[in-house]
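Let me begin by handing over the structure; questions about it come next.
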Amino acid sequence: MSDRPVRVRIAPSPTGDPHVGTAYVGLINLAFARRHEGSFVLRIEDTDQERSTRASEQAIFDALRWVGLSWDEGPDVGGPFGPYRQSERTEIYREHVRHLLDSGAAYPCFCDGPTLEGIRKRQRELKRNKGYDGTCRAIPPDEARARMAAGEPHVIRLRVPDGTTTVHDELRGDVVIDHDQIDDQVLLKTDGFPTYHLANVVDDHLMEITHVIRAEEWINSTPKHILLYAAFGWEPPKWVHLPLLRNHDKSKISKRKNPVSLLYYKQIGILPEAMLNFLALLGHSMPDEREVFELDEFVREFSFQRISLGGPVFDVEKLLWLNGVRIRAMDPRVLADRIREAMVPGDWLQQVVPLFQERMRALGEFMPQAAFFRQPGLDVPASELIGAIKGGGDPKILSKWLTEAGERLDALRDFEPAPIEEALRAWCEQADVPTGTLFMLLRLSLTGRKATPPLFETMTVLGRAACSQRLRTAAATLKAAPAPKPAPAG
RNA sequence: GGUCCAUUAGUCUAAUCGGUUAGGACACAGGCCUCUCAAGCCUGGAGAACGGGUUCGAGUCCCGUAUGGACCA
């Protein structure tokens with residue numbers, strides 16, 4: 001079968017935000033294509049005129065490129081099998097339907113809404129699975145042609161014979177599906193636009209797609225597609241149905257229960273490499289159980305045999321872990337650049353970012369932690385400063401500590417971590433104050449936070465002037481604070 | 001309701017042809033390190049849905065049941 005070059009495709013609908021599932025299926029398609037030196041095609045399925053938008057289409061392009069997937073052919077890059085937008089191919093579909101009509105593989109159906117409803121109801125009562133009973137099959141061809149010519153509203157249906165179809169899925173083997181599960185499928189709607197099934201099959205054939213790699217949700221409609229290939233006299237592609245990504249409750253991933261937009265993950269500061277890496281971990285494993293790897297490594301090891309079929313839960317925790325691993329592995333300057341591009345401008349990042357590199361799992365976690373660097377008038381409430389002492393402390397005394405320690409710092413020649421630490425430890429020893437206590441008091445005074453990067457490095461980056469000022473502010477705040485209530489006797 | 005697919009710890013998964021104390025990772029717990037938080041390191045708890053069968057031997061093959069999911073209605 002196929003000495004033909006491998007050609008695969010993804011065919012997203014441009015409705016709404018770009019979906020992680022699209023990236024997932026895209027990744028598998030891309031990996032398979034690259035692995036076999038084939039082509040990866042992007043086709044836009046915008047036959048739903050109501051819901052499709054150009055903005056959404058552009059967002060899909062952008063998001064897929066962002067995540068690192070690129071296609072060899074598509075609406076924006078062109079290619080020898082275009083056009084790659086279904087809305088630009090309607091004449092092709094109509095023409096193909098004419099062939100099916102001529103050969104008798106398809107027939108016009110003139111049933112209107114109420115009629116169909118009646119049929120559906122009767123079918124239900126008869127406990128039939130099909131919603132349509134094939135009523136219009138009985139119309140003689142001449143009459144049908146005349147009614148169509150007269151402009152009577154109709155759809156075109158596929159004549160589905162009795163029997164079964166065996167779908168050979170590359171991952172699951174043979175799947176037998178009885179035709180009593182399949183309606184005489186509508187191919188062309190009343191408005192003359194194709195349905196998914198028709199457009200999909202025609203396009204896949206004309207674009208010479210060799211392997212249809214798509215989500216499992218399509219497996220039950222594959223017989224319709226196989227029947228269509230047969231009706232056209234075409235050789236069908238190979239079928240590969242991928243497991244569906246799941247919510248935590250195992251239902252098909254959905255935006256009600258899980259963020260599914262690639263834009264969301266970009267926005268919170270997931271690295272595209274991490275997203276791709278994470279998706280590659282869902283349902284596919286590396287032979288050596290490696291979990292952190294690049295796209296080219298994945299491509300090298302990719303194999304259908306390494307795909308597992310249970311629907312994997314999209315676990316954001318693991319994605320964040322993976323993202324953190326990759327953030328830590330980055331060159332600090334590159335990390336600063338990426339934060340600058342993605343979130344906040346400023347040269348100050350170069351100095352500050354390294355302090356937080358091992359403390360963020362996503363780029364978006366940077367600013368909330370580092371904001372204190374950018375607050376000129378930082379004034380921490382006394383109540384919080386006092387929290388540095390377990391069980392509270394006398395603010396007057398704490399104020400004095402800050403003043404004295406601050407003087408030591410002011411006297412330093414080099415405002416570098418080592419001398420700062422040395423000076424502060426010396427003061428603690430002399431004043432008989434536990435270092436941990438003083439350090440926490442300083443940390444709160446300088447940053448307003450209890451969890452920060454190492455104190456002395458933080459001070460150096462913050463700078464002598466800012467430190468001095470913040471310590472004086474905190475000392476003053478404490479000095480003005482009321483004395484603690486005397487502890488109840490007992 | 002019908003059909004199809006799936007089923008290793010809370011989650012992602014590994015284990016050439018059936019022979020392993022069922023391995024790794026995330027998360028969780030404890031500890032080490034330590035100026036806090038992280039990171040790192042060490043340790044720990046936690047698993048084959050159930051029942052039959054085939055076999056000397058089954059997570060691995062077969063059947064049934066259950067559960068989950070998808071699709072169609």
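Proteins get letters first, then strands, A, B, ... in listed order; numbering begins at 1 in each.
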| field | Pair A:D315 + A:K318: basic N to acidic O under 4.0 Å | value |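 Salt bridge between A:D315 and A:K318, a charged N being under 4.0 Å from a carboxylate O: no.
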| Given the P atoms of B:rC28 and B:rA15, what is the spacing between them in whole Å? | 27 Å
| task | Searching all strands shown, indicate the nucleotide that pairs with B:rU54 (Watson-Crick or G-U wobble; both distances under 3.5 Å). | result |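 Across all strands, not a single nucleotide pairs with B:rU54.
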| A:L309 CG - B:rG59 P separation (whole Å) | 21 Å
| query | Using purine N1 to pyrimidine N3 plus N6-O4 or O6-N4 for Watson-Crick, or N1-O2 and O6-N3 for G-U wobble, both under 3.5 Å, which nucleotide pairs with B:rC71? | reply | B:rG2
| query | Looking only at atom P, what distance separates B:rA46 and B:rA6, rounded to whole Å? | reply | 31 Å
| Rounded distance in Å between the P positions of B:rA73 and B:rG10 |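 Nearest-Å result for B:rA73 against B:rG10 at atom P: 37 Å.
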| message | Counting C-beta onward and ignoring hydrogens, is there a side-chain heavy-atom pair between A:T22 and A:L262 closer than 4.5 Å? | response | no
| B:rU55 to B:rC71 separation - P atoms, rounded to the nearest Å | 42 Å
| field | Base-pairing assignment for B:rA66 (Watson-Crick or G-U wobble, both under 3.5 Å) | value |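 By the stated definition (distances under 3.5 Å), B:rU7 pairs with B:rA66.
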| request: Answer syn or anti for B:rC17, where the cut-off is 90° from 0 on the glycosidic torsion. | output: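 It is syn.
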| message | Rounded to whole Å, how long is the line connecting atom CZ of A:F293 with atom C1' of B:rU13? | response |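 In whole Å, B:rU13 C1' lies 12 Å from A:F293 CZ.
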| field | Heavy-atom pair with the smallest gap, counting every atom of A:G448 and A:V380 | value | CA-CG2, 3.7 Å
| task | Indicate for each nucleotide in nucleotides 40-49 of chain B, in 5' to 3' sequence, whether protein heavy atoms under 4.0 Å reach the base (B), only the sugar-phosphate (S), or nothing (-). | result | S---------
| field | Enclosure of A:K189 NZ (heavy-atom neighbours >12, cutoff 6.0 Å) | value |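 Atom NZ in A:K189 is packed in, count exceeds 12.
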| request: Grab the CZ-C1' distance between A:R361 and B:rC26 for me, whole Å please. | output: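 Checked: the CZ to C1' distance equals 11 Å.
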| Which ring-ring contact (aromatic ring centres under 6.0 Å, His included) pairs, counting each pair once, include a residue from residues 312-332 of chain A, with sequence neighbours left out? |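 Only A:Y265-A:F314, A:F278-A:F314 qualify under ring-ring contact (aromatic ring centres under 6.0 Å, His included).
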Polar atom pairs (N or O), protein with nucleotides 32-35 of chain B, under 3.5 Å:
unit_1, atom_1, unit_2, atom_2, d
B:rC35, OP1, A:R425, NH2, 2.8
B:rC35, O2, A:R443, NH2, 2.5
B:rC35, N3, A:L455, N, 3.2

| Looking only at atom C1', what distance separates B:rG45 and B:rC4, rounded to whole Å? | 39 Å
| For B:rU16, the Watson-Crick or wobble partner whose two distances fall under 3.5 Å | none
| query | Looking only at side chains, do A:D203 and A:Y93 share a donor and an acceptor under 3.5 Å apart? | reply |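 Indeed, the side chains of A:D203 and A:Y93 share at least one donor-acceptor pair under 3.5 Å.
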| query | Just how far, in rounded Å, is P of B:rU36 from NZ of A:K450? | reply | 14 Å
| task | State whether the distance check finds a donor on one side and an acceptor on the other, under 3.5 Å, for side chain A:R359 versus base B:rC37. | result |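 When only heavy-atom distances are counted, A:R359 does reach the base of B:rC37 through a donor-acceptor pair under 3.5 Å.
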| said: Side chain of A:S285, heavy atoms from C-beta onward: which of B:rA6, B:rU36, B:rA14 has the nearest atom to it? | reply: B:rA14
| query | Looking across every strand, which nucleic acid part, if any, lies under 4.0 Å from A:G283 by heavy atom: base, sugar-phosphate, or nothing? | reply | sugar-phosphate
| request: Inspect the contact between A:D337 and A:R333 and indicate whether a charged nitrogen and a carboxylate oxygen are less than 4.0 angstrom apart. | output: no
Which atom pairs link the protein and nucleotides 21-23 of chain B when you take only N or O atoms and keep those under 3.5 Å?
unit_1, atom_1, unit_2, atom_2, d
B:rG23, N2, A:E289, OE1, 2.3

| request: Would you mind pulling out the nucleotide paired to B:rC33, Watson-Crick or G-U wobble, both distances under 3.5 Å? | output: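 When the pairing criteria are applied, nothing turns out to pair with B:rC33, so the answer is none.
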| request: Can you establish whether the number of heavy atoms outside A:E404 located under 6.0 Å from its atom CD is more than 12? | output: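 Yes, the 6.0 Å shell around CD holds more than 12 heavy atoms from other groups.
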| remark: In whole angstroms, the gap separating C1' of B:rA14 from CE of A:M286 amounts to 14 Å
| field | A:I177 or A:L281, whichever maps to the more 5' nucleotide of RNA chain B | value |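 Nearest nucleotide further toward 5': that of A:I177.
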| Pairwise C1' distance, B:rU8 and B:rA25 [rounded to whole Å] |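 15 Å, rounded to whole Å.
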| How are the rings of A:W239 and A:H241 set relative to one another: parallel (under 30°), tilted (30 to 60°) or perpendicular (over 60°)? |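 Plane angle under 30°, so parallel.
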| field | salt_bridge(A:R300, A:E294) N-O dist < 4.0 Å | value |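 Looking at A:R300 and A:E294, the cut-off is not met.
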Distances for protein N/O vs nucleotides 68-73 of chain B N/O pairs under 3.5 angstrom?
unit_1, atom_1, unit_2, atom_2, d
B:rA70, OP1, A:K252, N, 3.2
B:rC71, OP1, A:K252, NZ, 3.3

| Note: A:E301-A:R306 ion pair, threshold 4.0 Å (strictly below) | no
| Spacing between A:Q305 atom CD and B:rA15 atom P, to the nearest angstrom | 11 Å
| query | Tell me: CZ of A:R306 to C1' of B:rU16, nearest whole Å? | reply | 11 Å
| query | Of A:D174 and A:G311, whose closest RNA chain B nucleotide lies nearer the 5' terminus? | reply | A:D174
| query | Looking just at side-chain N and O atoms, do A:Y107 and A:D184 make a donor-acceptor pair shorter than 3.5 Å? | reply | yes
| What interatomic distance, in whole Å, is found between P of B:rU13 and the corresponding atom of B:rU7? | 11 Å
| task | Indicate, yes or no, whether a donor-acceptor pair under 3.5 Å links the base of B:rA25 to the side chain of A:K318. | result | yes
| query | Any ion pair linking A:D204 and A:R43 (charged N to carboxylate O, less than 4.0 Å)? | reply | yes
| task | Give A:V176 one of three labels, base, sugar-phosphate or nothing, depending on what nucleic acid heavy atoms sit under 4.0 Å from its own. | result | sugar-phosphate
| In whole angstroms, how far is the C1' atom of B:rC26 from the CZ atom of A:R326? |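 The answer, rounded to whole Å, is 16 Å.
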| Salt bridge present between A:E45 and A:R214 (N-O < 4.0 angstrom) | no
| said: I'd like to know whether the aromatic ring centres of A:Y229 and A:H225 sit less than 6.0 Å apart in this structure. | reply: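 A:Y229 vs A:H225: aromatic centres not under 6.0 Å.
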| task | Can you tell me, in whole Å, how much space there is between the P of B:rU54 and that of B:rC62? | result |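 To the nearest whole Å, 16 Å.
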| task | Report yes if at least one side-chain N or O of A:S308 is closer than 4.0 Å to OP1 or OP2 of B:rU13; otherwise report no. | result |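 Checking B:rU13 against A:S308, a side-chain N or O does come within under 4.0 Å of OP1 or OP2.
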| Which pairs with one or both residues in residues 428-462 of chain A pass ring-ring contact (aromatic ring centres under 6.0 Å, His included), sequence neighbours excluded? | A:F439-A:F456
| query | With both distances under 3.5 Å as the test, what is the Watson-Crick or G-U wobble partner of B:rC28? | reply |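 B:rC28 is paired, partner B:rG44.
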| query | Charged N to carboxylate O below 4.0 Å: is that the case for A:E317 and A:R361? | reply | yes
